[in-house]
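First comes the structure, then the notes that go with it.
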Amino acid sequence: MKAFRCGDVVPGCARAFTGTEDEILAQVDQHARQDHGLVEVPDALVDQVRAAMVPA
Ligand SMILES: [Zn+2]
């Protein structure tokens, strides 16, 4: 299991996610579209999310 805090990539966002890496990426993808208004999540952002994940 891993954990990711959106605030590590988007300052001020309080959302946090836990799960497998793939589960987190799927949740973050949806969250980025719904709450941050992204139409598409760029690979560079996915890399940032992966890098910010910590063991949980
Ligand atoms: Zn966020």
Side-chain angles (χ1 to χ4, degrees):
M1 289 277 281
K2 293 196 169 189
F4 166 70
R5 281 190 310 247
C6 192
D8 288 345
V9 172
V10 182
C13 184
R15 282 289 295 275
F17 307 89
T18 55
T20 65
E21 197 166 307
D22 284 346
E23 285 170 352
I24 292 174
L25 288 174
Q27 292 175 66
V28 169
D29 185 87
Q30 196 175 31
H31 168 64
R33 292 168 199 268
Q34 290 180 341
D35 297 325
H36 294 299
L38 295 187
V39 176
E40 202 168 290
V41 180
D43 288 346
L45 183 55
V46 173
D47 287 345
Q48 275 186 291
V49 171
R50 273 189 214 277
M53 286 183 189
V54 293

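Treat the numbers as computed from the prediction; the structure is a model and nothing was measured. Start at 1 with the first residue, then count along the sequence.
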Legend entry - Separation between CG of L38 and CG of D29, rounded to the nearest 0.5 Å: 9.0 Å
Inset, instruction - Supply the atom-to-atom distance C13 SG to D35 CG, rounded to the nearest 0.5 angstrom. - result: 7.0 Å
Inset, instruction - Answer yes or no: does atom CD of Q48 have more than 12 heavy-atom neighbours from other residues, nucleotides or ligands under 6.0 Å? - result: yes
Would you tabulate the side-chain donor-acceptor contacts of residues 49-56 under 3.5 Å, counting partners in other chains and residues two or more places apart, or write 'none'?
{"unit_1": "R50", "atom_1": "NH1", "unit_2": "E21", "atom_2": "OE2", "d": "2.4"}

Inset, instruction - Quick one: pull up CD in E40 and CG in L45 and give me the separation to the nearest 0.5 Å. - result: 11.5 Å
Legend entry - Pairing residues for E23 by the side-chain contact (heavy atoms from CB on, under 4.5 Å) criterion, not counting sequence neighbours: T20, Q27
Inset, instruction - Specify whether F4 and F17 have parallel, tilted or perpendicular ring planes, treating 30° as the upper limit for parallel and 60° as the lower limit for perpendicular. - result: parallel
Inset, instruction - Provide the closest heavy-atom pair for V41 versus A32 in the form atom of the first, atom of the second, distance. - result: CG2-CB, 4.0 Å
Legend entry - Flag side-chain contact, heavy atom, 4.5 Å: V10 against H36: yes
Inset, instruction - For atom CG of D47, decide whether the heavy atoms of other residues, nucleotides or ligands shown that lie under 6.0 angstrom number more than 12. - result: yes
Inset, instruction - With rounding to the nearest 0.5 Å, note down the distance linking CZ in R5 to OG1 in T18. - result: 12.5 Å
